[in-house]
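The structure appears right after this line, and notes come after that.
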Amino acid sequence: MTSAQKLAERPRTFGYDRAERRLAVRMVAPSLILMFLVAAVPIGYAVWLSLHQYSVRQAGLSRFVGLDNYLDALSSGAWWSAFGQTFTFAAASVSLELVLGTAMALLLNMTFRGRGLLRTLVLLPYAILTVVSAITWQTMFEPTLGLVTTVLRGLGLPGGDIVWLGESGYAMAVIVLADVWKTAPFVALLVLAGLQVIPDEVYEAAELDGSTKWTTFINITLPLLKPAIVLAAIFRTMDALRVFDLPFVLTRGANGTESMSMLAYTELRENRLVGEGSALSILTFLTVMAVSVIYIRFAGGNIRAAAQEKQ
Amino acid sequence: MKASMPAGRRRLAKSVVATVAMGVLLAGCGGSPAATPNSTAAAVDPKSAEGAKGDITICGGKDASGIHKNTTAAFHKANPTMNAKYVEIGSSTDQQRTQTVQRLEGKSTECDIFMMDVTWAPEFAAQNWLLDQTPVMEKIKDRLIPSTAQTALYDGKYWATPFYTNAGLIYSAKGKVAKPATWQELYAEAAKAPGNGLVYQAQQYEGLTVNFLELLYSAGGEAVNDKGEVKIDSPETREVLRFMADGIKNGSADRAVMTYKEDETRLAYESGNFGYERNWPHVYRLLNKTKLAGKFDVSPLPSFDGKSAASGVLGGWNFAISAFSQNSGAALAYINFATTPEWQKHVAMDNSQAPVNEAAYSDPEVLKAMPFAKELLASVKGAKPRPQSPVYPQISQAIYKNVHSVLSGSASADEATKKMAEDIKTAQDSF
């Protein structure tokens, strides 16, 4: 019996159907309530906070200000510069991670001795706490004693006398580098998983048709990898737009590296401006949401198309 | 007309009216922000310390020098009926502040005394989180260095008692550079040779506010006056900003200082590549453990150009009694004990911290353990508190962000000065 027929029969089995539906509601209710508590309540509470101001000058005083906190944020230079800087960071780091991660995945997919070990080792940076790796990078780029600067100076290469974390542009470059170092392996792992489901027959057929390695890569591997790459891109972009720990440790947001999350943190934690900070958090949340929706609308089609092609 | 409204829509209309009304009501409740804390804050009774007994807990940062361990132990020995316990609630000052705020917001009774950075009192007092210590301070004020007592003052009342203080010092490499009498002299000497340079703290954080205000105060300028008026838009501010930016441009100060906090500064100086270092007194002991041991001089912060008096910015830690303490009498007894001239000597001798009691600095035992005590006292006595305001964190951000933008060359001294004044005013207008 198809579902359409089932629907058509509905009125006749009304009593039974209602009982069943009630049961269904009861069965689903616990998870719905849980979802509500875990997701909706905190977000709802943050929205509620963001519509108020809580006095930092007098105990227990608060007032409802409607959308004022949002309007203040959106008309401030601080929000838009953090917005621009976060997107610059996300664009640079995600694109580098995708290119490098894919390259790493292709290498790891080849057969050679010690492949299993290498696949594990490659993930090492991803396993290290971001704050710890950030402190390590900070030490390496330290102007007088840092490893990177000392080596560059020793070899007479440019860059040895640059205060990397103290200049706009260079500071962002170090933050991007630290992020790429850490998460390119994660992208590699996702892409590797994608590579492994491509059947060998496709390659054999291509070889029979006289396809070169490069054309095989462009016309076969890459299109079939698209879903995996898109998935990695979504994950990484969402993470990158929420970046906090790297700039917090490396520059404290100086020299054009303040991210949206850092701005919200400063208002909420350091300045205890609960309403204003919540508004910034919600704005950050909405930005990340909007970007993921765009991704899924565009790339979601890609994933489906790729899946259909495969069939 | 109303009666003909469908029930659903009527309910909706009702709720809309209710919401709007509530909004208006809440907005009305807010009223204009008051600048002063509630005058109803409870004051500690100086007599409550007499005959106090039982346990108290002191909450503060990491006890790296062991000062709190020593003090609590000695307190128990002198007062067997009372027991004090020190709890570390954060490894950095930022973390400690977050933890303190969380406990106070939740009206926790866990901590009787909070260790307070000298900039926190106004903010916490405004939230009614602290007991008013004025009656106590009036009694012991005479034995404290006046500038240190000032850090606990807000709205005409004392909200804390200073435990130990802190002020910046200049370390200069013997044989390479001369001890400076003015900042101008120091910068000129530092620019003479590559190995003469100055290192200080100019990363975008609280430390930069301190480093900048030290020069500004020495130049006769100020940020916010006693009445809370913003005074930073001044020729002195412009001059100091230009002076600092030029210093980085012409190599008086290493460009890398823009990434330095206290520890980075110390490590860079220990490499032996620099002539001058601006840092806190604790560096003295550490520097003597390196290859530079005995090869450096210590001097108080200099005046700016010889025209105005040398000055600086006070650091250090104060004791505040939580408004939710269950044993404020014993807490007070502890504070009385820790600020006695006798115990203040130990603060210097055993833990190399700067006493808040002036007599301690000339004590022979202290001088033996802290040979630079005279220079330190000069720095402490000349130093002034940072702006005292419940919105201090925002005021400090307004200062260090704009100073940093001048040092990195992305804003002119004039632009940054105007922006600083504007940002501080915005901060002061916080609800």
Side-chain angles (χ1 to χ4, degrees), chain A residues 51-66 68-69 72 76-78 138-139 141-146 149-150 161-171 174 247-258 262-263 265-276, chain B residues 22-31 33-38 41 94 97-98 101 105 122-123 125-129 199 202-205 208 248 254-261 264 267-268 270-271 273-274 389-391 393-394 396-397 400-401 404-405 407-410 427-428 430-431:
Chain A
L51 300 177
H52 292 77
Q53 278 184 346
Y54 298 83
S55 178
V56 282
R57 309 178 142 266
Q58 194 156 0
L61 212 59
S62 71
R63 63 181 178 197
F64 179 81
V65 293
D68 275 7
N69 290 334
D72 283 351
S76 76
Q138 190 184 26
T139 320
F141 277 95
E142 209 281 331
T144 26
L145 313 161
T149 41
T150 312
D161 49 1
I162 288 172
V163 181
W164 286 85
L165 293 167
E167 316 248 359
S168 307
Y170 290 112
V174 175
F248 185 75
V249 173
L250 288 167
T251 58
R252 288 242 150 191
N255 310 314
T257 58
E258 188 162 57
M262 271 194 76
L263 199 63
Y265 168 87
T266 311
E267 288 289 70
L268 265 171
R269 276 269 155 250
E270 288 184 26
N271 303 341
R272 293 196 310 104
L273 297 172
V274 179
E276 291 84 341
Chain B
M22 210 163 79
V24 171
L25 209 71
L26 282 168
C29 279
T36 53
N38 251 336
D94 283 347
R97 182 167 168 273
T98 307
V101 168
E105 268 177 345
E123 183 190 356
Q127 296 295 325
N128 285 347
W129 286 341
V199 279
Q203 203 190 103
Q204 187 172 295
Y205 82 119
L208 178 55
I248 285 180
D254 194 81
R255 217 181 152 66
V257 296
M258 284 189 292
T259 64
Y260 286 173
K261 292 199 266 194
E264 289 87 354
L267 292 170
E270 282 173 7
S271 72
N273 295 336
F274 299 98
S389 160
V391 292
Q394 290 179 70
S396 180
Q397 281 154 29
Y400 66 63
K401 282 192 174 172
H404 195 93
S405 66
L407 298 188
S408 67
S410 61
Q428 287 183 328
S430 299
F431 172 51

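Below, each value reflects all heavy atoms present in this structure, side chains not excepted, and no hydrogens, waters or symmetry copies. On a predicted model such as this, the values are computed, not experimentally measured, just so you know. Each chain gets a letter, A, B and so on, in the order the sequences are listed, and its residues count up from 1.
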Practice item. Please state whether the side chain, the backbone, both or neither of A:Glu267 comes within less than 4.5 Å of a heavy atom of chain B. Key: neither

**Study point:** Structural part of B:Ser410 lying under 4.5 Å from a heavy atom of chain A
**Key:** neither

Practice item. State whether B:Lys261 and B:Asp94 are salt-bridged, where the test is any N-O pair (Lys NZ or Arg NE/NH1/NH2 against Asp/Glu carboxylate O) under 4.0 Å. Key: no

Point to revise | Option in A:Val163, A:Leu273, A:Leu145, A:Asp161 with maximal non-hydrogen atom pairs under 4.5 Å from chain B | key: A:Val163

Exercise for review: Look only at the side chain of A:Asn255 and the backbone of A:Leu165, and say whether a donor-acceptor pair between them is shorter than 3.5 Å.
Suggested key: yes

Practice item. Assess the pair A:Phe141 and A:Tyr170: is the distance between their ring centroids shorter than 6.0 Å? Key: no

**Study point:** Under 4.5 Å from any heavy atom of chain B - which part of A:Glu276
**Key:** neither

Revision key, fill the gap. Honestly, the part of B:Gln394 sitting under 4.5 Å from a heavy atom of chain A is both

Check your understanding: Are any non-hydrogen side-chain atoms of A:Glu142 and A:Thr149 less than 4.5 angstrom apart?
Key -> no

Review point. Backbone N or O of B:Pro393 within a donor-acceptor pair of the B:Ser396 side chain at under 3.5 Å?
Key: no

Study note, to complete from the structure: Cut-off 4.5 Å, heavy atoms of chain A, and the answer for B:Gln428 is both

Exercise for review: With a 4.5 angstrom heavy-atom cut-off, could you sort out which part of B:Val257 is near chain A: side chain, backbone, both or neither?
Suggested key: neither

Revision key, fill the gap. From the list A:Gly60, A:Pro143, A:Ser168, the residue making the most non-hydrogen contacts under 4.5 Å with chain B is A:Pro143

Check your understanding: Taking every heavy-atom pair that is under 4.5 Å apart, which of A:Val56, A:Ile162, A:Thr251 has the most such pairs with chain B?
Key -> A:Val56

Review point. Between A:Glu270 and B:Gln397, does any side-chain donor sit less than 3.5 Å from a side-chain acceptor?
Key: yes

Practice item. Determine whether B:Glu105 and B:Gln127 make a side-chain contact, defined as any pair of heavy atoms from C-beta on separated by less than 4.5 Å. Key: no

